[in-house]
Each structure stands twice: as C-alpha cells, then as structure tokens.
Protein chains: 2
Amino acid sequence: MERPLRRDAQRNRDALVAAAREVLAERGLDAPLEAVAKRAGLAIGTLYRHFPERGDLIDAIVGEKVTGWIELAQESLELPDPWEGLVSFLERTCELQSRDRAFTELACLSHLDDRAEVNRLIERLVARARRAGSLREDVGVTDLALFVIANSRVAEVDPGRWRRHFHLMLDALRPRSE
Amino acid sequence: MERPLRRDAQRNRDALVAAAREVLAERGLDAPLEAVAKRAGLAIGTLYRHFPERGDLIDAIVGEKVTGWIELAQESLELPDPWEGLVSFLERTCELQSRDRAFTELACLSHLDDRAEVNRLIERLVARARRAGSLREDVGVTDLALFVIANSRVAEVDPGRWRRHFHLMLDALRPRSE
DNA sequence: GTTAACCTGAGGCATCCCCTCGACTTAAGG
DNA sequence: CCTTAAGTCGAGGGGATGCCTCAGGTTAAC
C-alpha cells in the first residue's frame, strides 16, 4: 500500500524535519513555516507537500521533545541518590530551556496531555528526595514547577547566567538545618 | 504663547493617558495604540492629534513608571532595618511585575538610561544588607537582578503563586548558618 | 524515453498595526 | 445666538507578516 518515497523526496523530508528542529528551538513553536523551508534550502511549496497541515510538522517535533523529557525524568529516577536524581532532572531541564525555546514553551506554558506522564515522574522524584530528607519538607511539585518556569525567563534574558541562578534556587530547596 | 487646551480637549487628553496606563499594563509596551484610543472611548485620530508620535504617549507612561520605581527604592533605603529594606524593595517590585506588563518589560528586558539610577540605589540596598550580615556574602546585585527577572515569568504564567516562589527565593538569600 | 512523482515560488488572501485627512462637531468669545 | 478656530471622527491607504495554492518546470525510476 505504502509506496516508498522517491529518494530525493525522502532526503527533502528529512531535511525539513531537521530544519524544523533548529528553527523551532530558536524561534519557538509558532515560528513561520517559511523560515523552516528556507533553513532546509527548499521552497515553501515542498514543505506543504510533505506536511499538508501546519500541525503535522509541529506535532512531530513536539512529540520528540516530550519523549526526550520523559526519558530524562526516567533516567533521573534511576540514579541511586535521590537528591542527585532530582538535581539532575532539574538541571538538565533548565539547560534544555536555555537552548530550546520550543521546549520551554511546552515545558511551562502549554497544557499538553503528555505532561501528565512527566508530572507523575516528577512526583516520584520529589517523594523520593523528601523521604531521604534531602528536600525541604514543605516543598512540593508545584514549587518545582515554579522553579522551572522561573528559569525559563532567566535562560532567555541572560543565557550566560542561568546556572548561577539555578544554584541559588537549589539552596532554597535544601532543608534549613543540616 | 501656550494657549490652554479647550476644556473637552483637556478631558480627552487625560482620558488617553489613563487608558494608556491601563492598556500598557495589560499588554506591554508595544500594545497597539488603537487599543488605547478604544479604551478611552475616543477615535484613533484624536489620539494622534494629542500625541503625534508614538513615542510621545509611551514615553510619558514609561517616565511615570521609572520614577515610581526609583521612589520605591528610596523608600526602601529609608527603612531602618537593612534586610527589611531589601525585602521590601524586592517584594514590591515583584508585585508590580505581577500587575503591570509594561513595568516588567522596562524592569528586566530593556536597557534604559534611567536604569542606572535604580541600579545605584539597589547597590546601596545590597551593601547595607550585607554589612548587617543579613545577606549571603556571595550574593550580589546581579543575583538580585536574576531574581527579579525570574519572578517576571512566574508572575506572568501563574499570577496566583508568585509570592510563594518569592519566599522560597528569599530563603536562598539568607546566610547559610544562622 | 516515458511518466508519475516531485519541486518551485509568485501571488492571492487574511490579519494586524501604522498613520492621514477631509467632513463633521463643539467650546468659547463677542 | 452666531462665528470660527479648535477639536473629533473613522474610513481608508500603506506596509508587514504569515498562511497556503497551483500552474508550470524538473527529475527519479523503471
């Protein structure tokens, strides 16, 4: 049923996806599709041939990013030390934000269904860290969300300094008396 | 030389400035001027009669906001307790951000000349708090700027919770051992 | 060589915001 | 009142930007 794409068509399709990754990272989820085509060195018509609806291309990229984020959370859960696990997740999330505007948008500004999955994992990261006494007792998932949201602007405005801010915030998460 | 405005003209001019305050607070510094006219219940032509260049109206509002911010810093410096002074400044700044998008933009995203004045005052707030031992030694003006920048996004995305985030951040500013 | 698949990019459409200007309205002074 | 200069109105011209289509030229594949 599914005829394979002609070789050049396949190459172009791949180029479009790669270009979309770059452009969305730079300009966010509603970057103009013409910028994507241009980056891929193709005409806008070609883009529409492969992805007739705006959603098609964007969805592909968003899917990738969400999957990547979920994997990140899972890997962090597998780290033996609970505190390190939590820090690893937060730090790498913040780093993604500093380099990928589209990721930032879906991480803190949108309300995807897929976020539910990540939220569950974050809850486990938090519960584990708290049980180990590494996290302030009154800090919950919501607070970490605020944390990530806060970083999104810092990373945007001053990409060279988000890490400094990040470490200050981490200090706020530790229990008061050691 | 300066004929006074006709009474209705003066009333309209005032209405425009008031409308601009509201609209800029809601939509940021580059809100469409037509929204301002509409809010004032006037036609766009009237707005242009009073403020022939875009800058004229915006500048008036920006001026107000900067002045207000400087006054806030001065008041905070006059509080007897250094830590309270710093907190007061930060908290009221964050609160302004939560209600005024134009303020947010000029407070963390732009590079006005007038910011110099505020920066000097902030430096004094910081120096004073540190001398009193209320502030972590390694925290400087830059860190507070990041703090304010961070809040701007939190206040935008989740206006009901910026205060919670604010208090967590304050904890990060205190010296480690009490 | 044939042909179906593919590529191209100018251009029509829509949205948004800028600002102007000629016709109309009204405050203010006599 | 009446005059008139000051003020108001809002349709509309102009420029950006982005979406998407389609007629005509190109090329992979057999």
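Just so it is clear, the model here is predicted, and its values are computed rather than measured. Here is the naming used below: chain letters follow the sequence lines, and residue numbers restart at 1 for every chain. For the numbers below, each heavy atom of this structure counts, side chains included, while hydrogens, waters and symmetry mates do not.
- At whole-Å resolution of the value, CZ in A:Arg49 and P in D:dT26 are 17 Å apart.
- Look at CZ on A:Arg3: it is 11 Å from C1' on D:dC30, rounded to the nearest Å.
- Within the 4.0 Å cut-off from OP1 or OP2 of D:dG7, not a single side-chain nitrogen or oxygen of B:His50 is found.
- Linking ILVMFWY residues whenever their side-chain heavy atoms come closer than 4.5 Å, directly or via other members, places A:Leu33 and A:Val17 in the same cluster.
- Between the axis at the start and the axis at the end of the helix from C:dG1-D:dC30 to C:dG30-D:dC1 there is an angle of 10°, using five pairs per end and rounding to 10 degrees.
- Linking ILVMFWY residues whenever their side-chain heavy atoms come closer than 4.5 Å, directly or via other members, places B:Phe147 and B:Leu72 in the same cluster.
- When rounded to the nearest whole Å, the span between CZ of B:Phe51 and P of D:dT8 equals 11 Å.
- The nearest pair of heavy atoms linking A:Leu146 to B:His165 is CD1-CB, 3.9 Å.
- The line from CG of A:Asp171 to CZ of A:Arg136 is 11.5 Å long, rounded to the nearest 0.5 Å.
- From B:Ile122, atom CD1 reaches atom CG of B:Leu90 across 8.0 Å, with rounding to the nearest 0.5 Å.
- In this structure, the separation between CZ on A:Phe89 and CG on A:Leu121 is 8.0 Å, given to the nearest 0.5 Å.
- Distance check, rounded to the nearest 0.5 Å: CG of B:Leu96 to CZ of B:Phe103 gives 4.5 Å.
- Because its NZ or CZ atom is both nearer than 6.0 Å to the ring centre of A:Phe51 and within 45° of the ring axis, A:Arg13 counts as a cation-pi partner of that residue.
- One interatomic measurement links the two molecules: CG of B:Leu16 to C1' of D:dT8, which rounds to 11 Å at whole-angstrom precision.
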Report task. Please step through side chain to side chain contact (heavy atoms under 4.5 Å, CB included) for the pair A:Arg11 and A:Asp8, ending with a clear verdict. Result -> CA-CA 5 Å; A:Arg11 194 180 344 115; A:Asp8 58 342; 3.7 Å; yes
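- Between the side chains of B:Glu123 and B:Asn119, not a single donor N or O lies within less than 3.5 Å of an accepting N or O.
- At whole-Å resolution of the value, CG in B:Asp14 and P in D:dG7 are 14 Å apart.
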Nucleotide N/O to protein N/O under 3.5 Å, stretch nucleotides 17-19 of chain D:
{"residue": "D:dC19", "atom": "OP1", "partner": "A:Arg54", "partner atom": "NH1", "Å": "2.7"}
{"residue": "D:dC19", "atom": "OP2", "partner": "A:Leu33", "partner atom": "N", "Å": "3.2"}

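- No side-chain donor-acceptor contact under 3.5 Å links A:Thr104 and A:Ser152.
- Annotation: proximity of residues 5-12 of chain B to DNA chain D (heavy atom, distance under 4.0 Å) is found for B:Leu5, B:Arg6, B:Asp8, B:Ala9, B:Asn12, numbered in ascending order.
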